[in-house]
Protein chains: 2
Amino acid sequence: MNSEDFLGSKQKYRMTNQRQVILEEIRKVNTHPTADEVYKMVRKRLPRISLGTVYRNLEILSTRGLIQKIGPVSSQMRVDGITKNHYHLRCIYCGSVKDAPIDPTENLENAIRERSDYNIIGHKLEFIGICPNCGKKENLSHKKAEDIGN
Amino acid sequence: MNSEDFLGSKQKYRMTNQRQVILEEIRKVNTHPTADEVYKMVRKRLPRISLGTVYRNLEILSTRGLIQKIGPVSSQMRVDGITKNHYHLRCIYCGSVKDAPIDPTENLENAIRERSDYNIIGHKLEFIGICPNCGKKENLSHKKAEDIGN
DNA sequence: CTAGGTGCAAATCATTTGCCGGGGC
DNA sequence: GCCCCGGCAAATGATTTGCACCTAG
């Protein structure tokens with residue numbers, strides 16, 4: 001689960017003021033802000049910060065495991081002709097998506113229903129990993145962090 | 001799980017030729033094509049189709065439950081200050097994300113490891129539902145399909 | 001005739017990048 | 001000096017939308 005391990009990132013980052021403030025603001029709230037919301041929050045303390053800086057730092061902070069990105073694992077929508085619920089397997093290197101060889105279970109939804117007041121209508125489970133094909137390449141040469149989705 | 005049930009969509013759609021071809025092409029492959037890939041596939045049979053039409057029809061087809069969208073449930077990335085793995089609860093109406101009151105399990109990953117040759121490094125589980133607040137509104141007036149993410 | 005459909009181009013939205021000056025080590 | 005950094009604006013990429021025409025019922 002720790003990105004650092006497989007990213008082979010050799011860079012050393014400083015904890016700059018902007019970076020620190022961004023991190024503090026994210027930790028301060030118990031919501032899951034969008035990049036733009038983070039920008040707005042941070043700007044109250046650092047009025048001259050730019051949105052680009054926020055994005056750059058969110059990227060770095062999540063690479064370092066200090067925060068976590070939710071949502072778009074890769075930026076493109078994909079479609080699936082099979083409508084019955086099933087799980088997916090996504091490769092962090094090539095971004096490909098395959099069906100996971102495991103059947104969905106109602107148990108998960110039931111567990112949530114007991115504990116929350118949401119009207120649950122479904123769930124999405126996605127496994128993140130490295131596909132055999134990319135796994136080979138990975139052993140030969142370490143890819144740069146930028147090549148990797150999420 | 002069937003979108004039609006809660007979307008309250010009153011529109012009547014025709015199964016036009018373009019729509020039909022798009023659906024056929026998606027069903028023909030066992031991959032999970034992006035919108036652009038669908039466009040390319042369909043264009044072999046309907047050279048004059050536009051990307052806009054593809055998007056419009058993917059939207060309609062998934063609203064009708066004939067295909068399924070994977071990935072970006074809503075299009076914006078969100079961040080999370082809590083780095084230990086946990087699950088999320090997303091409201092289809094307002095798009096808000098909360099932490100799910102259920103602890104992650106290694107079982108899921110282990111199940112996959114036994115059955116696939118992927119190097120699994122994590123998993124994401126997201127419950128889709130209607131938050132109590134939006135649930136109230138929903139009862140008062142049925143929202144239009146466009147208001148609903150995914 | 002009315003509503004849904006389409007192609008096309010322009011617009012929008014989130015995110016990324018290039019440039020360039022500045023500061024830490 | 002080298003490299004990371006941040007502000008800014010411009011670029012990019014995916015998706016959406018406005019417009020004008022078309023066609024089925």
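Just so we're on the same page: letters track the sequence lines, and every chain starts at 1.
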**OP:** Determine the contact category for A/L51: base if any of its heavy atoms lies under 4.0 Å from a base atom, sugar-phosphate if only primed atoms, P, OP1 or OP2 are that close, otherwise nothing.
**Re:** base

Original post:
Within this structure, what is the CG-to-P distance between A/D36 and C/dT16, rounded to whole angstrom?
Top reply: 14 Å

Original post:
Hey, are B/R45 and B/E25 close enough for a salt bridge, meaning a charged N less than 4.0 Å from a carboxylate O?
Top reply: yes

**OP:** Could you tell me the separation between the CD1 atom of A/I60 and the P atom of D/dG6, rounded to a whole number of Å?
**Re:** 7 Å

**OP:** Would you indicate, yes or no, if D/dG6 has its OP1 or OP2 atom less than 4.0 angstrom from a side-chain nitrogen or oxygen of A/T16?
**Re:** yes

Original post:
A/E109 side chain to A/E106 main-chain N or O, any donor-acceptor pair under 3.5 Å?
Top reply: no

Original post:
If an axis is fit to five pairs at each end of the helix from C/dA3-D/dT23 to C/dC25-D/dG1, what is the angle between the two, to the nearest 10°?
Top reply: 20°

Original post:
Charged N to carboxylate O under 4.0 angstrom, B/R90 versus B/E126?
Top reply: yes

Subject >> Nearest heavy-atom neighbours spanning A/H123 and B/L125 >> reply: CD2-CD1, 3.7 Å

Subject >> Heavy-atom closest contact (B/V38 atom, B/I26 atom, distance) >> reply: CG2-CG1, 4.1 Å

Subject >> A/Y55 side chain near C/dT16 phosphate (N/O to OP1/OP2, under 4.0 Å) >> reply: no

**OP:** Specify the separation, in whole Å, of atom CD of A/E37 and atom P of C/dC13.
**Re:** 15 Å

Original post:
Rounded to the nearest Å, what distance is computed from the CZ atom of residue A/R43 to the P atom of nucleotide D/dG6?
Top reply: 17 Å

Subject >> Any B/S50 side-chain nitrogen or oxygen under 4.0 Å from OP1 or OP2 of C/dT6 >> reply: no

Original post:
For B/N57, which contact category applies under a 4.0 Å heavy-atom criterion: base, sugar-phosphate, or nothing?
Top reply: sugar-phosphate

Original post:
Checking all strands, does A/R56 fall into the base, sugar-phosphate, or nothing category for heavy-atom contacts under 4.0 angstrom?
Top reply: base

Original post:
Can you check whether A/V97's main-chain N or O pairs, donor with acceptor, with A/H88's side chain at less than 3.5 Å?
Top reply: no

**OP:** Decide, yes or no, whether a salt bridge links A/E59 with A/R56 under the criterion of side-chain N to carboxylate O below 4.0 Å.
**Re:** no

Original post:
Whole-Å distance between D/dC21 C1' and B/R48 CZ?
Top reply: 13 Å

